[in-house]
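Data block below; observations after.
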Amino acid sequence: MSAPVLLVIAHGSRDPRHAATVHALVERVRSLRPGLRVETGFLDFNVPSVQGVLESLAAEGVRDVVALPLLLTRAFHAKADIPAVLRDAPPRLRIRQADVLGPSPLLLSALERRLYEAGLNPADKSSTGVVLASAGSSDPEAIAVIADIAREWWHTGWCAVRPAFASASLPRTEDAVRELRAAGCERVAVAPYVLAPGFLPDRIARGAADADVLGDVLGPAPEVARVLLDRYAEAARSVPLALGA
């Protein structure tokens, strides 16, 4: 019996860097799991659409699909948009929806990787305050998760870790940077908790103007690819969705 096809579902963006980064991450996943079929679909702005990929797979005779939201928190897209698209999939498909990527210790490792790649010295960790800067959400569950991640990351040895949001919630990145300066941290680093470039990551970058270090987006970090494969494996063992419900 062949393994289910992995369908990575990305949000999409008018910014061409977004799709390019998504495709680079998918290529990383393929390199870690040769032989696994991995497809990419977008909810908006980019092609192919999720619906188009599902219809193509069904036309080929594919039966089993794991649909994996390329999201870091369970907010509106994971709870509403993606399930709605999957409910409209061709009925011959058996679809399992994987969980979102975060939280995961591997993502914290990827965040640190990006900060060290940006020039932060690991020896300075205990004297460095970090802004964990996410896109933001109006979903209380998603906001609470970011705060929990910040607390968990702080316990790994940073001077302090503060959550910040590019939209929908407060504080903004620049406010968290000022707060860490006032708290006495010798240096301040901003770690974008986002997967790909775009409008909100650019806002995070502008808010990091007074920080000492700005990490890159998570993108195709190997740790992110491993989380994708972990979520795929978990979902492949689950019960398929009841399509049309």
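All heavy atoms count here, side chains included; hydrogens, waters and symmetry mates do not.
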query: Can you check side-chain contact (heavy atoms from CB on, under 4.5 Å) on L86 and L54, steps first, answer last?
result: CA-CA 9 Å; L86 297 180; L54 291 171; 4.1 Å; yes
message: I'd like to know whether V8 forms a side-chain contact (heavy atoms from CB on, under 4.5 Å) with V29, so could you lay out the CA-CA distance, the side-chain angles of the two residues, the decisive distance to 0.1 Å, and finally the verdict.
response: CA-CA 10 Å; V8 176; V29 172; 6.0 Å; no
- request: Evaluate the criterion side-chain contact (heavy atoms from CB on, under 4.5 Å) for residue pair T21 and L195; output intermediate values, then yes/no.
  value: CA-CA 8 Å; T21 302; L195 287 165; over 6 Å; no
Criterion side-chain contact (heavy atoms from CB on, under 4.5 Å) on D81 and V85, from CA distance to verdict: CA-CA 6 Å; D81 281 357; V85 172; 5.7 Å; no
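Counting only distance, with no hydrogens or angles, the side chain of D212 and the backbone of A189 share no donor-acceptor pair below 3.5 Å. In this structure, the side chain of R92 engages the main chain of G61 through a donor-acceptor pair within 3.5 Å. A donor-acceptor distance shorter than 3.5 angstrom exists from the side chain of R114 to the backbone of L218, with no hydrogens or angles considered.
Atom-to-atom distance recorded for L214:CG and I204:CD1 is 9.0 Å, nearest 0.5 angstrom. Atom CG in L200 sits 9.5 Å away from atom OG in S134 (nearest 0.5 Å). Note that CG of L68 and CD1 of I9 are 8.0 Å apart. Values are rounded to the nearest 0.5 Å. Rounding to the nearest 0.5 Å places CG of L170 at 5.0 Å from CZ of R172. The distance from the CG atom of L25 to the CZ atom of R30 is 10.5 Å, given to the nearest 0.5 Å.
The shortest distance between side-chain heavy atoms of L111 and L132 falls below 4.5 Å. L107 is not listed as a side-chain neighbour of I149, based on a closest heavy-atom distance of 4.5 Å or more. Inter-residue side-chain proximity for P201 and R17 is flagged as unmet; no heavy-atom pair is nearer than 4.5 Å. Proximity of D139 to T73: side-chain heavy atoms (C-beta onward) are nowhere separated by under 4.5 Å. You'll find the side chain of L180 stays beyond 4.5 Å of the side chain of V130, heavy atoms only.
Both L72 and V161 belong to a single network of hydrophobic side chains, linked directly or stepwise wherever heavy atoms of I, L, V, M, F, W or Y lie under 4.5 Å apart. L108 and L228 fall within the same hydrophobic cluster, where Ile, Leu, Val, Met, Phe, Trp and Tyr residues are linked whenever their side-chain heavy atoms come under 4.5 Å apart, directly or through other members. Both V62 and L7 are part of a single hydrophobic cluster, where members link through side-chain heavy atoms under 4.5 Å apart. Follow the hydrophobic side-chain contacts under 4.5 Å out from V53 and you never reach L6; the two are in separate clusters. When hydrophobic clusters are built by joining Ile, Leu, Val, Met, Phe, Trp and Tyr residues whose side-chain heavy atoms come closer than 4.5 Å, directly or via intermediates, I82 is grouped together with L93.
In terms of the salt bridge (Lys or Arg N to Asp or Glu O under 4.0 Å) criterion, E174 has no residue partners (sequence neighbours excluded). Legend: residues meeting side chain to side chain contact (heavy atoms under 4.5 Å, CB included) with D124, ordered by chain and number and at least two apart, are N121, S127, T128, R187. With sequence neighbours left out, R178 forms a salt bridge (Lys or Arg N to Asp or Glu O under 4.0 Å) with D175. Partners of E234 according to the salt bridge (Lys or Arg N to Asp or Glu O under 4.0 Å) rule, which considers only residues two or more places apart in sequence or in another chain, are R231. With sequence neighbours left out, R203 forms a salt bridge (Lys or Arg N to Asp or Glu O under 4.0 Å) with no residue at all. For A164, the side chain to side chain contact (heavy atoms under 4.5 Å, CB included) test picks out V131, T173, A176, with sequence neighbours left out.
Contact between H18 and G12 at its shortest, heavy atoms only, is NE2-N, 3.2 Å. Counting all heavy atoms, side chain and backbone alike, A221 lies closest to R113 at CB-CD, 4.4 Å. Contact record, C159 with G129: CB-N, 4.0 Å, taken as the closest heavy-atom pair. Summarising the geometry of S137 relative to I143, their closest heavy-atom pair is O-CD1, 3.3 Å, with the distance given to 0.1 Å. When all heavy atoms are compared, the tightest approach of V190 to A133 is CG1-CB, 4.1 Å. When all heavy atoms are compared, the tightest approach of P163 to P171 is O-CG, 3.4 Å.
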Give every donor-acceptor pair under 3.5 Å between a side-chain atom in residues 31-42 and any protein atom, sequence neighbours left out.
residue: S31; atom: OG; partner: R28; partner atom: O; Å: 2.6
residue: R37; atom: NE; partner: E39; partner atom: OE2; Å: 2.8
residue: R37; atom: NH1; partner: E60; partner atom: OE1; Å: 2.7
residue: R37; atom: NH2; partner: E39; partner atom: OE2; Å: 3.2
residue: R37; atom: NH2; partner: E60; partner atom: OE1; Å: 3.2
residue: R37; atom: NH2; partner: E60; partner atom: OE2; Å: 3.0

Using distance only, find each side-chain donor-acceptor pair of residues 95-105 under 3.5 Å and give its atom names and separation, not counting sequence neighbours.
residue: R96; atom: NE; partner: S238; partner atom: O; Å: 2.7
residue: R96; atom: NH1; partner: D64; partner atom: OD1; Å: 3.2
residue: S104; atom: OG; partner: L106; partner atom: N; Å: 3.1

Side-chain donor-acceptor pairs of residues 44-51 under 3.5 Å, sequence neighbours excluded:
residue: N46; atom: OD1; partner: S13; partner atom: N; Å: 2.8
residue: N46; atom: ND2; partner: S13; partner atom: O; Å: 3.4
residue: S49; atom: OG; partner: G52; partner atom: N; Å: 2.9
residue: Q51; atom: NE2; partner: E55; partner atom: OE2; Å: 3.4
residue: Q51; atom: NE2; partner: D88; partner atom: O; Å: 2.9

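Pairs of residues two or more places apart, or lying in two chains, never qualify as ring pair (Phe, Tyr, Trp, His ring centres under 6.0 Å) while including a residue from residues 163-212. Screening residues 160-171 for side-chain hydrogen bond (donor to acceptor under 3.5 Å, both in side chains), with sequence neighbours left out, gives R162-E179. Listed by first and then second residue, the ring pair (Phe, Tyr, Trp, His ring centres under 6.0 Å) pairs that reach into residues 104-156 are W153-W158, sequence neighbours excluded.
A 6.0 Å sphere centred on CG of D210 holds no more than 12 heavy atoms belonging to other residues, nucleotides or ligands.
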